[in-house]
Amino acid sequence: MLDLQYICDNLEPVAENCRNRGVEVDLDSIVALRGRRSELITSGDELRREQKATSSQIPTAESDEAKQVLIARGRELREQLQGLDGELAEVEADLRSGQSCIPNMTHPDAPIALGDDGHVELRRWGDVPEFDFEPRDHVAISEAHNLIDFEAGSRVAGHGFYFLKNEAVLLELALMQLAVTRLREADFTLMTTPDLAKDEIIEGIGFLPRGPESQIYSIENSELSLVATAEITLGGAFKDQVLEIDDLPLRCAGISHCFRTEAGAHGRATRGIYRVHQFTKVEMFGFTAPTLEASNAFHNEVVEIEEGLFQALEIPYRVVDTCTGDLGGPAYRKFDLEAWMPGRGDGGDWGEVTSASNCTDYQSRRLGIRCRTPGKKGTEFVHTLNGTAVATSRALIALLENHQRADGTIHIPEALRPWIGSDQIG
RNA sequence: GGAGAGGUGGCAGAGUGGCCGAAUGCACCGGUCUUGAAAACCGGCGUCGUGUAACAGCGACCGGGGGUUCGAAUCCCCCCCUCUCCGCCA
């Protein structure tokens with residue numbers, strides 16, 4: 001959520017930003033609602049002041065008649081106030097829902113475009129493997145080595161669910177171990193997190209928990225939903241807290257399951273574990289001082305960690321600067337890592353494996369996460385950032401497909417061996 | 001899941017209808033004193049909204065929401081959370 005004052009003071013830049021991001025908003029109605037809100041607050045305050053003055057005279061009223069007059073006046077004031085408060089509640093609800101539709105402002109260097117093709121590749125690492133045999137995709141590979149059971153997944157939970165088996169299990173655990181070990185070295189506080197969260201928290205982070213388009217599974221007859229990422233729980237962990245600026249940046253690394261309905265994804269490439277309803281993830285989350293210097297620096301650090309991990313996995317990747325149309329609501333800038341996946345598309349393709357966003361104060365404003373600076377009055381909203389350390393399902397795809405050999409065995413990168421106990425599968 | 005107790009400022013802890021945005025203590029900040037520190041003494045010490053050039057002023061906030069009343073931290077209803085005991089359980 002953007003600051004209301006900011007929106008009204010910067011109508012044209014905000015409108016332009018919305019156009020760049022492909023979001024339609026009615027800024028005029030927001031301005032009008034804000035004006036009405038101010039009027040209601042001002043007259044409400046005035047009524048309350050008079051109400052206080054009136055009722056404080058009652059105990060010392062000279063006569064019973066005088067007292068009755070004051071009581072009648074007080075009753076009248078209360079009724080007026082109830083009317084005002086009712087309207088105020090409506091206006092604020094409308095204002096808030098309008099305000100929530102406005103996306104975050106955008107980093108000046110982010111590419112401006114609406115479609116996928118607007119992304120800008122910043123750099124590449126590693127060489128795309130050239131096979132002197134016909135490479136298999138991860139589905140075929142896991143069939144050969146008995147690594148993933150899709151049929152059992154379907155029987156138990158339906159399409160989009162799966163069982164990992166044998167070395168795939170070890171690989172998933174090893175990926176998490178590697179990520180967690182490195183994040184601990186980088187001074188992140190490790191945490192496991194709830195896999196459910198209140199809708200209020202989910203909205204604060206910027207997801208829509210209910211409704212036909214929702215990517216989120218919600219629990220019937222409750223305010224809870226299954227999380228789509230630990231970003232939700234890690235950000236929500238500090239809801240309504242005031243942090244000391246000297247304690248920032250706060251680095252958290254959360255392990256969680258991620259649940260996604262993938263509504264509207266039917267018909268898209270659905271083979272294998274690229275797009276599934278449940279996967280496991282190690283997520284980074286940061287709270288920084290409320291300056292772009294601080295959060296941009298942290299953003300770069302997050303991407304560096306992600307790159308370090310994929311380098312350790314010996315997987316070729318490219319870093320992509322996400323264009324305005326694909327930033328979503330909360331992100332100010334987003335860098336994705338796309339790993340090379342030889343089995344994807346026709347002859348291999350890049351596939352998103354991580355995503356790192358600087359959300360500036362967009363999430364913290366709605367969640368009420370602030371910081372205090374000694375000697376400075378008041379508090380400010382912190383900046384929040386999130387990034388995938390490793391999403392095990394997609395990392396697994398890249399791992400299996402890039403490291404397959406002509407004889408059918410799969411090379412295991414050095415970095416994972418401590419947890420696998422072997423240098424190859426098969 | 002059942003029974004009880006409780007949620008008040010950074011913390012502790014008063015406050016059962018008006019004089020309460022809230023005693024007191026601790027912590028914290030500034031000052032006096034001191035060679036320095038401690039102690040003592042004096043003063044300050046919340047957040048949000050509105051407003052101001054900046055002060056001031058005004059309003060809201062005693063777990064959350066609703067209600068009663070001229071007036072609610074205080075009375076009533078619903079919800080959440082914490083603690084103790086019992087049951088169940090990895």
Side-chain angles (χ1 to χ4, degrees), chain A residues 1-9 30-96 98-99 192-204 209 218-225 233 236-248 250 255 257 287 290 361 363-382:
Chain A
M1 191 166 66
L2 289 181
D3 180 47
L4 190 54
Q5 178 82 45
Y6 177 87
I7 295 169
C8 294
D9 289 349
I30 288 179
V31 173
L33 284 167
R34 181 180 183 233
R36 184 63 190 142
R37 174 174 172 269
S38 296
E39 285 171 17
L40 289 167
I41 288 175
T42 309
S43 39
D45 281 358
E46 178 54 29
L47 281 177
R48 258 181 287 270
R49 197 191 54 71
E50 194 182 339
Q51 190 182 42
K52 268 190 163 179
T54 306
S55 57
S56 70
Q57 285 174 283
I58 291 173
T60 55
E62 285 173 13
S63 65
D64 213 45
E65 294 89 85
K67 196 174 271 187
Q68 288 312 317
V69 169
L70 288 168
I71 288 174
R73 176 64 187 149
R75 190 175 290 134
E76 201 179 307
L77 286 169
R78 187 179 71 206
E79 277 154 16
Q80 287 180 28
L81 207 44
Q82 276 169 349
L84 277 187
D85 284 344
E87 192 186 341
L88 183 60
E90 273 176 48
V91 167
E92 292 203 313
D94 291 349
L95 195 53
R96 206 172 165 82
Q99 214 178 332
T192 63
T193 60
D195 285 337
L196 284 85
K198 293 180 189 165
D199 291 340
E200 169 197 350
I201 301 285
I202 294 172
E203 277 164 30
S218 49
I219 308 291
E220 221 178 334
N221 302 321
S222 81
E223 305 256 326
L224 292 170
S225 297
T233 42
F238 289 91
K239 180 174 152 58
D240 292 328
Q241 302 300 297
V242 179
L243 309 170
E244 294 301 330
I245 196 152
D246 292 335
D247 295 339
L248 302 178
L250 232 54
I255 299 175
H257 293 114
F287 303 86
D361 58 3
Q363 294 175 322
S364 63
R365 179 168 295 105
R366 195 151 34 184
L367 289 170
I369 306 175
R370 293 165 294 163
C371 70
R372 200 191 333 265
T373 309
K376 209 169 178 179
K377 82 166 191 188
T379 53
E380 298 167 281
F381 293 108
V382 301

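Here is how names work: the chains are called A, B, and so on, in the same order as the sequence lines, proteins then strands, and each is numbered from 1.
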Length of the line joining D240(A):CG and C61(B):C1', which is rounded to integer Å
13 Å
Return the minimal non-hydrogen interatomic distance between F238(A) and I369(A), and the atom names on each side.
O-CG1, 3.2 Å
Can you measure I71(A) atom CD1 to G17(B) atom P for me and round it to whole angstrom units?
18 Å
Should C371(A) and T379(A) count as side-chain neighbours, where that means a heavy-atom distance under 4.5 Å?
no
Say you pick atom P in C62(B) and the same atom in C55(B); how far apart are they, in whole Å?
26 Å
Roughly how many Å apart are U8(B) and G67(B), using the P atom of each and rounding to a whole number?
25 Å
Please determine if R372(A) and E380(A) form a salt bridge, counting it only when a charged side-chain N lies under 4.0 Å from a carboxylate O.
no
Atom OG of S55(A) and atom CZ of R78(A): how far apart are they, to the nearest 0.5 Å?
11.5 Å
Atom-to-atom span, NZ of K67(A) to P of U69(B) - whole angstrom:
18 Å
Which residue lies more 5' along RNA chain B, comparing Q51(A) with Q57(A) via nearest heavy atoms:
Q57(A)
Using the P atom on both, measure U84(B) against G13(B) and round to a whole Å.
16 Å
In Watson-Crick or G-U wobble terms, both distances under 3.5 Å, what is the partner of A12(B)?
U24(B)
Test log, rule side-chain hydrogen bond (donor to acceptor under 3.5 Å, both in side chains), inputs R370(A) and Q241(A)
CA-CA 6 Å; R370(A) 293 165 294 163; Q241(A) 302 300 297; over 6 Å; no
Hey, is NZ on K198(A) packed in by over 12 heavy atoms from elsewhere, all under 6.0 Å?
no
So how far is it from I7(A) CD1 to M1(A) CE, rounded to the nearest 0.5 Å?
8.5 Å
Between C83(B) and A39(B), how far apart are the P atoms? Round to whole Å, please.
35 Å
In numerical order, the residues of residues 76-93 of chain A whose heavy atoms come under 4.0 Å of RNA chain B are R78(A)
Working to the nearest 0.5 Å, report the span between CD of E90(A) and CG of L40(A).
10.0 Å
Would you say I202(A) and S218(A) make side-chain contact, with heavy atoms under 4.5 Å?
no
Find the partner of A5(B): check Watson-Crick (N1-N3 plus N6-O4 or O6-N4) and G-U wobble (N1-O2, O6-N3) distances, both under 3.5 Å, and reply none if neither fits.
U82(B)
Nucleotides 46-51 of chain B: which of its N/O atoms have a protein N/O under 3.5 Å away?
| unit_1 | atom_1 | unit_2 | atom_2 | d |
| --- | --- | --- | --- | --- |
| U47(B) | O3' | R370(A) | NH1 | 3.4 |
| C48(B) | OP1 | T379(A) | OG1 | 2.7 |
| G49(B) | N2 | D45(A) | OD2 | 3.3 |

note: L243(A), atom CG; G10(B), atom P; distance rounded to Å ~ 14 Å
Residue matched to G46(B) through Watson-Crick or wobble contacts both under 3.5 angstrom:
C61(B)
Please measure how far the P atom in C61(B) lies from the corresponding atom in U74(B), and state the result in whole Å.
10 Å
With both distances under 3.5 Å as the test, what is the Watson-Crick or G-U wobble partner of A37(B)?
none
Of K198(A) and E46(A), the one whose closest RNA chain B nucleotide lies more 5'
E46(A)
Is E203(A) salt-bridged to R366(A), going by a charged N under 4.0 Å from an acidic O?
no
A60(B) OP1/OP2 closer than 4.0 Å to side-chain N/O of K52(A)
yes
Between R73(A) and C70(B), does any side-chain N or O lie under 4.0 Å from OP1 or OP2?
no
Please give the nucleotide sitting opposite G17(B) as a Watson-Crick or G-U wobble pair, both distances under 3.5 Å, or none.
none
Rounding to the closest angstrom, what is the interatomic distance between A22(B) and A12(B) at atom C1'?
16 Å
Within residues 60-76 of chain A or reaching into it, pairs that qualify as salt bridge (charged side-chain N to carboxylate O under 4.0 Å, His left out) - sequence neighbours excluded
E50(A)-R73(A), R73(A)-E76(A)
Which part of the nucleic acid, if any, lies within contact of I58(A), taking any heavy atom under 4.0 Å across all strands shown: a base, the sugar-phosphate backbone alone, or nothing?
base
Protein-nucleotide distance (R48(A), atom CZ; G18(B), atom C1'), rounded to Å
18 Å
Quote, to the nearest angstrom, the C1' distance that separates U68(B) from C76(B).
7 Å
Take atom P in G21(B) and the same atom in U34(B), then report the distance between them in whole Å.
42 Å
Could you check which nucleotide pairs with G71(B) in any of the strands shown, counting Watson-Crick or G-U wobble with both distances under 3.5 Å?
none
